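Since the structure comes first, as structure tokens, the remarks are kept for the end.
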Amino acid sequence: MELTRRQWLLSALALAGCPAAPALPAGLRGGIVGPSDLRGHQVRRRHSLPAPSLRWRTEVAILGGGISGLSAAWALRRAGLEDLLVLELEDAPGGTSGWAPGPVSPRPWGAHYLPVPSQHQRAVCTLLSELGVLQGFDAAGRAICAEEALCRAPQERIFYKGRWYEGLYLRAGASAEDLRQLDRFHAEVGRWVRARGTGGQRVFTLPSALGDRQAASELDRMTFADWLRGLGLTSSRLRFYADYACRDDFGLPASATSAWAGVHYFAARLLHPDDRPPEVLTWPEGNGWLVQQLAHPLGDRLRTGCVVLQVHPLVEAREGAEVVFLHGEQTGRLRARHVIFALPAFLRRHLLPPAHAAPAWLEAFQYSPWLVANLTLRNLPVPPGTRSPVPGFPLCWDNVLVDSPSLGYVVATHQREPPPPPDGVPRSAWTWYLPLGEGHPAEQRARLLQTPWQSWVRLLLQDLGRAEPDLAARLERVDLYRWGHAMVRPVPGLFTSGVLERAAAPLGPIHFAHTDLAGMALFEEAQHAGVRAAEAVMAARGHPFEALSS
Amino acid sequence: MQVPLLFLTVFVIATCGLAYELVAGTVASYLLGDSVTQFSTAIGLYLFALGVGAYLSRFLERNLVARFVDIELAVALLGGCSAAILMLAFAHSSWFRPVLYGTILGTGTLVGLEVPLLLRILRERMEFKELVARVLTVDYIGSLAASLLFPLLLLPRLGLVRTALAFGLANALVALWSTWLLGEQLRRPGPLRARCAMVLMVLLAGLIMADRLTALAEEGLYGDEVVWARSSPYQRIVLTRNRSGFQLFLNGSLQFSSADEYRYHEALVHPGVLAAWRALGRPPARALVLGGGDGLAVRELLRYDSLREVTLVDLDPAVTQLASSHPLLREQNGGALSSPRVRVINDDAMHWLDEAVRRSSSSFELVVADFPDPSSFAVGKLYTTRFYRLVRRVLVPGGVLVVQSTSPLFARQSFWCIVQTLRAAGLAVRPYHALVPSFGEWGFALAQRADDAPPPPPARPALPPGLRYLDERSLEALFVFPPDMAEVPVQPNRLNNQVLVSYYEREWKRWN
């Protein structure tokens with residue numbers, strides 16, 4: 001299946017650049033809406049700036065309004081430390097958990113779900129409890145969550161050879177050998193669920209820093225695809241399932257993902273070997289809902305449209321650090337006793353003083369680009385003679401296609417019904433995800449930025465059109481978001497070479513907090529990094545707090 | 001002299017002539033209801049038009065045989081296509097009545113020309129006394145044949161559109177045949193025969209195409225005449241008609257049959273009203289109907305003068321428009337949706353309730369959930385704990401929710417799953433059932449907000465007058481469940497599992 005997918009991808013790319021490609025539906029609207037590449041790239045011309053005209057001061061400066069930065073602010077405020085400022089590059093917070101307010105329905109621009117946590121994930125449970133989502137725990141320690149926040153049924157379906165099937169593992173037509181291999185795979189994962197580290201803790205857990213990475217170091221020496229092959233797991237169905245998981249969570253194919261990360265994906269959230277994967281919490285705008293809940297109480301302490309240009313500790317280290325930033329046409333200086341650097345690690349190269357900007361280990365942090373498309377579709381009148389409107393399994397929240405370069409699409413209008421349409425035409429909102437994880441990241445990033453909107457839309461129509469024959473007739477609008485550095489790449493070696501620990505070490509008054517410190521882009525990891533940095537700041541100040549990160 | 005063949009011609013044209021009258025009368029009563037009025041106006045107009053035709057025949061002087069053939073062809077076309085024209089006019093224009101009466105007058109006038117012309121053509125071949133006696137005898141026998149063939153054989157077998165086309169074909173064949181039979185009085189039969197062939201082809205094509213016409217293709221699905229059909233973005237809406245009355249289908253599943261819907265809707269509405277009355281100590285004043293866009297549940301609610309505000313929330317504007325404007329439905333629901341006490345809102349019930357709860361803008365003493373059966377996830381969400389918790393929050397203490405709950409006999413787990421779901425949402429439930437022949441044994445659940453309801457003043461709730469199914473004693477009997485419908489252990493239906501949809505699918509598969 002992998003081979004077919006590659007071939008298909010190549011032909012699709014050829015098509016995207018080919019002038020004879022099919023015409024786009026008439027009247028189709030949309031464009032490239034984000035992110036603000038130009039604003040972001042201003043970090044590179046920091047030497048030719050006007051003299052600072054803004055001077056701000058705060059106790060704790062948080063750089064980056066993504067999940068880690070917002071979580072740091074949340075942890076500080078929970079402990080009563082209110083004197084803080086969050087600087088965010090974009091006009092809205094959220095980072096890769098960002099969202100769009102419409103049209104039709106709020107929809108995600110990135111991360112769109114959070115698995116139901118278990119009791120030991122204290123920070124996640126505390127947050128969800130404060131938000132009224134978590135209502136208690138079952139006997140096994142799994143959170144019981146509000147029905148409206150749990151992903152509605154039916155959750156997932158998969159398209160294969162002209163038909164939709166329920167679930168993400170393609171059971172239809174699976175041979176006895178396929179199913180035997182699936183069992184074997186679950187047994188191997190179960191082994192790692194049971195595995196305990198040197199301190200008696202789980203080897204794989206969330207946040208991963210609380211597990212024992214070194215106890216599974218053999219996994220970090222191979223790719224997930226190699227690991228499967230080594231176990232004799234060659235079933236094409238299983239390989240698709242595992243590959244899809246890697247592309248979905250990490251933006252990388254299984255053939256590039258560290259087996260450590262692959263096993264983590266399947267094992268870390270299970271409470272015991274026979275446990276089923278937890279249900280997921282989701283909202284029409286995906287994790288953008290969580291972003292709003294975290295950002296709203298900050299009020300004007302969240303400063304958007306701020307391009308951070310430099311961060312350096314002051315000579316008198318007790319004085320803290322200084323942040324130089326650009327806000328519109330103005331240059332600003334922000335003095336803070338503590339700085340939480342909640343930005344991707346690669347930005348250290350541009351922002352930190354030369355002595356700390358380019359340690360050799362920083363090269364280990366590579367990032368996959370992603371393209372995310374938000375689609376607005378009108379619902380057509382149901383055809384005559386209709387009894388059951390959909391052949392095969394009906395529309396789900398998550399809709400995945402076998403042999404596709406994309407991850408399929410997620411339906412924002414699945415989780416909450418939109419208000420009645422003023423023009424009488426009901427519409428749906430879908431989000432299509434295309435990770436560009438294969439090949440070299442820089443080349444893929446160049447492709448991401450050079451390919452015009454029309455070509456992406458053609459690729460989208462070709463990809464989804466196989467499974468949705470009336471797509472072109474229904475499509476009204478396609479908006480694109482180009483994530484140049486969407487996710488850190490969890491490649492072999494990243495987890496057990498000590499890089500992650502080094503990257504997490506503070507630099508005087510500067511503390512680091514980002515999901516890439518875990519080597520994986522996950523809400524739980526981003527939140528953990530933010531909370532841990534906030535707790536380090538509070539510990540340094542002697543400020544009392546309830547520890548949530550340990 | 002080919003006398004017997006001549007009289008066969010008269011027989012055929014007489015049969016056809018009456019058949020068009022019957023087609024027009026049937027279409028009119030199917031589509032407009034009130035069959036006595038429709039049939040008597042159709043017959044009256046038709047007979048009058050026959051007279052007009054007879055009068056006009058005096059203006060035809062020459063080439064009588066050729067004119068006769070032309071008139072036959074015109075009858076064949078107009079009469080043959082009449083059912084199709086009327087159906088299309090009803091579905092696609094607001095000019096149905098003018099088209100109906102125009103068709104009747106046109107066909108009648110043309111048919112009225114036939115016999116006088118024939119008499120004049122034949123008068124030289126036979127003694128006049130003999131001629132009149134024989135022609136009129138055969139004419140009336142033909143009418144008898146039509147009036148028997150039409151309801152007993154043709155309508156059930158072919159449906160209206162094809163029946164009319166078949167008679168049209170017979171008329172056209174008569175025309176063609178006449179060019180030989182009366183050929184000695186024709187100078188140039190060639191062009192006439194060509195015209196006959198063209199009309200025959202048009203009608204034959206119609207007969208073949210009829211299968212491909214949407215409404216007719218659906219007849220195979222519904223088994224009865226489709227009298228109205230439309231697609232909205234939410235569903236396929238089809239009205240069918242048969243001898244027992246008319247039926248509404250949404251996406252192919254029966255919503256009601258006019259013959260016995262009173263049983264269903266009386267059972268759906270009145271036990272809930274009485275329970276709320278008892279709990280409040282006074283008759284309820286504010287009711288909410290979720291789904292039920294046909295207006296039939298609202299009709300039952302409006303029997304209580306105490307209900308000053310009835311809010312109807314139905315997803316599909318096409319259904320509520322049909323219910324408030326279509327003559328058949330208006331007659332059935334008594335114009336309920338046009339009552340000043342009724343407010344119609346087109347919205348998804350879940351969305352509307354969510355907003356109502358968020359704004360705490362509404363509270364009701366009675367809520368009636370009358371949704372289609374939970375055969376899909378899209379409808380199944382309206383039977384979840386989440387949905388019932390939202391309903392609970394718009395109910396006053398002591399307020400009542402009634403849910404149509406599919407059949408406790410055919411879908412026993414599904415029925416008890418709905419009961420279990422209501423309980424899981426914190427409501428006290430009393431299930432009951434009623435026999436509705438079109439559906440079979442049908443189930444309902446009466447759920448009440450039993451918490452912190454103040455003890456009510458004593459009240460003596462009473463059923464309103466005019467009910468056909470429920471009285472005090474039959475009402476009590478609804479709550480008794482025989483062993484084959486007794487409770488079975490099931491999971492409650494939640495938004496994140498929708499077990500009800502799988503129960504339902506499994507159970508109904510056994511019966512279909």
Side-chain angles (χ1 to χ4, degrees), chain A residues 104-105 113 115-116 133 135 144-157 164 166 276 278-284 377-390 393-397 411 413-428 470 473-474, chain B residues 213-222 226 229-238 249-253 313 315-318 345-355 375-378 380-382 384-387 389-390 424-425 492-502 505 512:
Chain A
V104 180
S105 162
Y113 68 92
V116 170
V133 170
Q135 299 168 334
I144 298 167
C145 291
E147 191 174 351
E148 63 270 26
L150 290 166
C151 181
R152 290 183 180 185
Q155 281 100 4
E156 296 149 342
R157 65 173 181 169
W164 288 102
E166 184 176 9
R276 289 162 51 83
E279 289 192 75
V280 301
L281 299 165
T282 190
W283 299 269
L377 304 101
R378 80 181 78 87
N379 296 0
L380 302 177
V382 297
T386 295
R387 272 179 190 275
S388 157
V390 195
F393 199 74
L395 184 69
C396 290
W397 171 67
V411 179
T413 36
H414 177 92
Q415 192 63 10
R416 193 162 68 222
E417 31 291 305
D423 59 356
V425 181
R427 290 178 175 80
S428 309
D470 56 359
R474 296 182 58 196
Chain B
L213 287 175
T214 316
L216 289 166
E218 285 187 319
E219 264 161 37
L221 215 58
Y222 296 102
V226 172
R230 192 153 296 175
S231 286
S232 81
Y234 303 103
Q235 54 209 339
R236 178 75 178 160
I237 308 159
V238 171
F249 290 85
L250 298 180
N251 283 349
S253 67
V313 180
L315 178 63
D316 196 346
I345 295 165
N346 292 117
D347 194 356
D348 180 286
M350 181 86 101
H351 178 264
W352 187 84
L353 277 174
D354 219 355
E355 292 293 310
S375 60
S376 70
F377 295 108
K381 71 175 187 182
L382 306 171
T384 53
T385 40
R386 165 70 179 163
F387 185 79
R389 285 198 186 107
L390 288 173
N493 187 41
R494 301 186 192 283
L495 262 184
N496 54 318
N497 65 18
Q498 292 236 25
V499 285
L500 177 58
V501 175
S502 31
E505 195 181 82
N512 290 333

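Model, not experiment: these values are computed from the prediction. Within every chain, numbering begins at 1; the chains are lettered A, B, ... in the order of the sequence lines, protein sequences first and strands thereafter.
With a 4.5 Å cut-off on non-hydrogen atoms, B:Ser375 does not touch chain A at all. Within the 4.5 angstrom heavy-atom criterion, only side-chain atoms of B:Asp348, from C-beta onward, approach chain A. With a 4.5 angstrom heavy-atom cutoff, B:Phe249 does not touch chain A via any of its atoms. Using a 4.5 Å cut-off between heavy atoms, B:Ser376 does not touch chain A at all.
Residues forming a ring-ring contact (aromatic ring centres under 6.0 Å, His included) with B:Trp352 (at least two apart in sequence, or on another chain): none. Under the salt bridge (Lys or Arg N to Asp or Glu O under 4.0 Å) criterion, B:Asp316 pairs with no residue at all, not counting sequence neighbours.
Inter-residue side-chain proximity for A:Ser428 and A:Arg474 is flagged as met; some heavy-atom pair is nearer than 4.5 Å. Side chains of A:Glu279 and A:Cys151 form no contact here, defined as non-hydrogen atoms less than 4.5 Å apart.
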Candidate pair A:Asp470 and A:Arg378, rule salt bridge (charged side-chain N to carboxylate O under 4.0 Å, His left out), full reasoning: CA-CA 10 Å; A:Asp470 56 359; A:Arg378 80 181 78 87; over 6 Å; no
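Across A:Gly424, A:Pro421, A:Pro426, the residue that shares the most heavy-atom pairs under 4.5 angstrom with chain B is A:Pro426.
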